[in-house]
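Down below is the structure, laid out as structure tokens.
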Amino acid sequence: LERAAASGALCQRLLLTRSGQRFRLIQRGPGGPACLCRALSFLPGCVLGEAVAEASDLESLWTEVGRAVSSVTAALLDFEHPAAKREFDWDLQRYEAVIAAHSPLVSKERRGLLDRL
């Protein structure tokens, strides 16, 4: 995120802790489990599913989505990390497989949204 944000990509920004750290270890109660937490800024707008459902001009919507995704893609073209080799449900190149795998979990009322993709 820091690399993408530094290049001006349309993405969230990593928020630092008061002491300037990227993340903080948070423990849940005495002796409880601990996890690393980080905070991100919000982006204006709504989630894509809502935008598709409410859009009167899908071509313009997809143009804006493409602009945002391409800005992040361009910023990360030469970025390599071992964890980047995994499959992610939010990988846009896999959207058809993800929709097929998860569509049974979508309520009948919302399935029409998938048909528009």
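- Expressed to the nearest 0.5 Å, how far CG of Leu10 lies from CZ of Arg67 amounts to 8.5 Å.
- Atom CD of Glu59 has 12 or fewer heavy atoms from other residues, nucleotides or ligands within 6.0 Å.
- Here the NE2-CG distance, from His81 to Leu76, works out to 12.0 Å after rounding to the nearest 0.5 Å.
- Taking every heavy atom of both residues into account, Gly49 and Leu113 meet most closely at O-CD2, 4.1 Å.
- Inter-residue side-chain proximity for Glu54 and Leu61 is flagged as unmet; no heavy-atom pair is nearer than 4.5 Å.
- Exactly one residue among Val69, Val98, Thr73 makes a side chain to side chain contact (heavy atoms under 4.5 Å, CB included) with Leu92. That residue is Val69.
- In this structure Ser41 satisfies the side chain to side chain donor-acceptor pair (under 3.5 Å) test with no other residue, sequence neighbours excluded.
- Summarising the geometry of Ile26 relative to Cys37, their closest heavy-atom pair is CG1-SG, 3.6 Å, with the distance given to 0.1 Å.
- Hydrophobic clustering (side-chain heavy atoms under 4.5 Å, transitive across Ile, Leu, Val, Met, Phe, Trp, Tyr) keeps Val65 apart from Val47.
- Here Leu25 is tied into one hydrophobic group with Phe23, Leu36, each link being a pair of ILVMFWY side chains closer than 4.5 Å.
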Please test Leu16 against Arg22 for side-chain contact (heavy atoms from CB on, under 4.5 Å), starting from the C-alpha separation and ending with a verdict. CA-CA 5 Å; Leu16 301 179; Arg22 291 184 175 97; 4.0 Å; yes

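- Gln12 contributes no side-chain N or O that, together with a main-chain N or O of Leu43, makes up a donor-acceptor pair within less than 3.5 Å.
- For Arg111, there are no side chain to side chain donor-acceptor pair (under 3.5 Å) partners at least two apart in sequence or on another chain.
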Before giving the answer on side-chain contact (heavy atoms from CB on, under 4.5 Å), spell out for Val52 and Trp62 the whole-Å C-alpha distance, their side-chain angles and the decisive distance to 0.1 Å. CA-CA 9 Å; Val52 169; Trp62 291 123; 3.9 Å; yes

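- In this structure Ser56 satisfies the side chain to side chain donor-acceptor pair (under 3.5 Å) test with no other residue, sequence neighbours excluded.
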Step-by-step side-chain contact (heavy atoms from CB on, under 4.5 Å) determination, Leu40 to Leu15: CA-CA 5 Å; Leu40 304 175; Leu15 302 176; 5.8 Å; no

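- Residues Ser7 and Ala75 approach most closely at OG-CB, 3.0 Å, considering heavy atoms.
- Between the side chain of Arg110 and the backbone N or O of Lys108 there is no donor-acceptor pair closer than 3.5 Å.
- For Gln93, the side chain to side chain donor-acceptor pair (under 3.5 Å) test picks out no residue, with sequence neighbours left out.
- Put simply, the side chain of Cys11 reaches to within 4.5 Å of the side chain of Arg13, judged on heavy atoms.
- Taking each heavy atom of Ser71 and Ala68 in turn, the nearest pair found is OG-O, 2.8 Å.
- Screening residues 93-102 for salt bridge (charged side-chain N to carboxylate O under 4.0 Å, His left out), with sequence neighbours left out, gives Glu87-Arg94, Asp89-Arg94.
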